[in-house]
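Take a look at the following structure, please.
Quick caveat: nothing in here was measured; it's all calculated off a predicted structure. Computed over heavy atoms, backbone and side chain alike; hydrogens, waters and symmetry mates excluded. Just so it is clear: chains get the letters A, B, ... in the order the sequence lines come, proteins before strands, and each one is counted from 1.
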2 protein chains.
Amino acid sequence: MKVEVKLNPSKEEVIDLFSRGLSTEAIVTIFARCNVSYDGRAKSELGLGDRVIIIKPDGSFLIHQKEKREPVNWQPPGSSVSLKIGEDKLILRSVRRKPKEILEVGLIDVYLLSYFQAEDYESLALMGSEAEMADLVFENPELIEPGFKPIFKEKSIRHGIIDILGKDKDGNIVVLEFKRRRADLHAVSQLKRYVETMREEYKNVRGILVAPSLTSGAKRLLEKEGLEFKKLTPPKKEKSRKGRQKTLFD
Amino acid sequence: MKVEVKLNPSKEEVIDLFSRGLSTEAIVTIFARCNVSYDGRAKSELGLGDRVIIIKPDGSFLIHQKEKREPVNWQPPGSSVSLKIGEDKLILRSVRRKPKEILEVGLIDVYLLSYFQAEDYESLALMGSEAEMADLVFENPELIEPGFKPIFKEKSIRHGIIDILGKDKDGNIVVLEFKRRRADLHAVSQLKRYVETMREEYKNVRGILVAPSLTSGAKRLLEKEGLEFKKLTPPKKEKSRKGRQKTLFD
DNA sequence: TACTACATGTCGGGA
DNA sequence: TCCCGACGTGTAGTA
């Protein structure tokens, strides 16, 4: 049986179903009225309300309110969960070792408890990352400018890691920084850091920010610093593989 | 009835329960074998497997595999969901308008479908943020050094926003940048950007990175740039309120 | 483990 | 709306 579910379970049924879910490497999902305390890197309190609680077999622990993409509280993979019997309620507790973090959920009223023995051997194939932009340029340097020659990819230097380091047709050293989305001040600062580091050792160092667009502030700073911009949108091509996956959109 | 649930629902039952869940502003949760296609800012494909799907009344759409804190695919709040009848399967589709993004889930086998009319009027009270560090220093400037006088908080300048801008006992301008956790290269670059912007107009500008600690690289860059470090850990004090919330830890 | 940087980041605040 | 920066960011890759 892949799924077990109990509506309005008693305390004993919660304990039973929860422990069976845990031991069978299932995803445990709980709909409950609860309050939540967290203490770790920060500290938080959440008063009573109805939430969806998900506990994954890898220790991930999610508490979702009825809005937003983000869980209101959580614990990352590797955390250890336990269910304790409090005075008048059950308490779910998840502990992370390093850094030490404790999440406690007071289960005031459990509306539903379920577990799901999910079988999943697939992982996501994503297209359009910054890495793919850099790969594309490394293979097709003329996308930057005629005569550009990439030399290093992911080149570690004193104060960071340069996406692509190369030379232009005049022998200038060129630092490329890629952004898959509109580049902001942060991106310019990053490029500037790499360029300044290279200039400690070399003359004639150019810095080019490669992105689909720039924020107004990024453009301002880029120009002030004498850095350059090259418009390029990340490719959404599938990486060449033997068996091509058909998509739902086909 | 707050919760409705159906094990191994038929197509018709999926359609019925799903639409009732949507119309009642409930959180809809589905355990299913599915495949997923996404196209928008990036593009992705996910082959067949068992996942937990959550659709919130604000349009948030989450697809969780059995590992990790992060959903493998998602749609943010404001997206519009619909359920279509495909040739041999149901297809869940969520559309975001701007930027245009489409998420499609092919429901091969629905093990469980439920909805949960969650009532929740509470929001998270979090302690230990960077903003609280800055507030603390604004109230207690001597935490930085004797004679420090904070003047502006969240001061917008040409290339960014300075956390705290003030003067030291000798009349030097002081830029403070706060990090609630170990500060890295990025943090130093950020501080350097603010300091350089201020130096366009003023002499004697100091920059101090205020954080619990520094990465090795951050320390290296900070020293090279003549910037300073002040160790400070974010406070986890509750903001003063009338009714103090008792925690589960009490 | 620490460091570095990406992310379909998400989210909130301010102009 | 865009811009800017924080986030208990999480996550992957690498030394």
*B/R96 near the nucleic acid: base, sugar-phosphate alone, or nothing, with a heavy-atom cut-off under 4.0 Å?*
nothing
*Using the test ring pair (Phe, Tyr, Trp, His ring centres under 6.0 Å), find all partners of B/F61 that sit at least two apart in sequence or belong to another chain.*
none
*Contact list for DNA chain C against residues 214-235 of chain A - heavy-atom distance below 4.0 Å*: none
*asked:* My understanding is that only one of A/I63, A/V81, A/L92 makes a side chain to side chain contact (heavy atoms under 4.5 Å, CB included) with A/L103; could you say which?
replied: A/I63
Could you run down the sub-3.5 Å N/O contacts of the protein with nucleotides 11-15 of chain C?
unit_1 : atom_1 : unit_2 : atom_2 : d
C/dC11 : OP1    : A/R69  : N      : 2.7
C/dC11 : OP1    : A/E70  : N      : 3.3
C/dG12 : OP2    : A/K68  : NZ     : 3.2

*Has the side chain of B/D39 got a donor or acceptor atom sitting under 3.5 Å from an opposite partner on the base of C/dT8?*
no
*Figure out the CD/C1' separation between B/Q190 and C/dA5, and round it to whole Å.*
15 Å
*Pair A/D120 + B/K66, salt bridge at N-O below 4.0 Å*: no
*Output all residues satisfying salt bridge (charged side-chain N to carboxylate O under 4.0 Å, His left out) with B/R206, sequence neighbours left out; order by chain, then residue number.*
B/E145, B/D168, B/E228
_For A/K153, I'd like to know if atom NZ has over 12 heavy atoms of other residues, nucleotides or ligands within 6.0 Å._
yes
_Between D/dT11 and C/dC11 - P atom distance, rounded Å_ = 16 Å
*For A/K98 and A/A131, take the nucleotide of DNA chain C holding the closest heavy atom to each; which residue's nucleotide lies nearer the 5' end?*
A/K98
*Using a cut-off of strictly less than 4.0 Å, decide whether B/W74 has a side-chain nitrogen or oxygen near OP1 or OP2 of C/dG9.*
no
*Could you measure between the two C1' atoms, the one in D/dG5 and the one in D/dT9, and give it in whole Å?*
13 Å
*Whichever of B/I162 and A/A42 has its nearest DNA chain D nucleotide further upstream toward 5'*: B/I162
_Run the salt bridge (charged side-chain N to carboxylate O under 4.0 Å, His left out) test against A/R180 and tell me which residues pass, sequence neighbours left out._
none
_Holding to salt bridge (charged side-chain N to carboxylate O under 4.0 Å, His left out), I want the full list of residues that pass it with B/D58, two or more places apart in sequence or in another chain._
none
_Using a 4.0 Å cut-off to any heavy atom of chain A, which nucleotides of DNA chain D are the first and last in contact, reading 5' to 3'?_
D/dC3 to D/dT11
*asked:* Can you pull out every ring pair (Phe, Tyr, Trp, His ring centres under 6.0 Å) where at least one residue sits in residues 176-200 of chain A? Sequence neighbours excluded, please.
replied: A/H186-B/H186
*Is it true that the side chains of B/S60 and A/R69 contain a donor and an acceptor less than 3.5 Å apart?*
no
*Let me know the distance between CG of B/L62 and P of C/dT10, rounded to the nearest Å.*
11 Å
*Does any pair with a residue in residues 215-227 of chain A pass side-chain hydrogen bond (donor to acceptor under 3.5 Å, both in side chains), and if so which ones, sequence neighbours excluded?*
A/K219-A/E223, A/K224-B/E200
*Listed in order of residue number, which residues of residues 178-187 of chain B have a non-hydrogen atom at under 4.0 Å from DNA chain C?*
B/R182, B/L185
*Quick one: side-chain contact (heavy atoms from CB on, under 4.5 Å) partners of A/S79, sequence neighbours excluded?*
A/Q75, A/P76, A/S94, A/R96
*Could you tell me whether B/G160 contacts a base, only the sugar-phosphate backbone, or nothing, with contacts defined as non-hydrogen atoms closer than 4.0 Å?*
sugar-phosphate
*Have a look at B/E101 and say if it touches a base, only the backbone sugar-phosphate, or nothing, with a 4.0 Å heavy-atom cut-off.*
base
*Side-chain donor-acceptor pair under 3.5 Å between B/E45 and B/S37, yes or no?*
yes
*Mind checking A/N73 for me? I need base, sugar-phosphate or nothing, with any heavy atom below 4.0 Å counting as a touch.*
base
*Are A/Y194 and C/dT4 close enough that a side-chain N or O sits under 4.0 Å from OP1 or OP2?*
no
*Can you name the residues that form a salt bridge (charged side-chain N to carboxylate O under 4.0 Å, His left out) with A/K155, not counting sequence neighbours?*
none
*For the residue pair A/S213 and A/R182, confirm or rule out a side-chain donor-acceptor distance under 3.5 Å.*
yes
_Residue-phosphate contact under 4.0 Å: A/R158 side-chain N/O, C/dT4 OP1/OP2_ = no
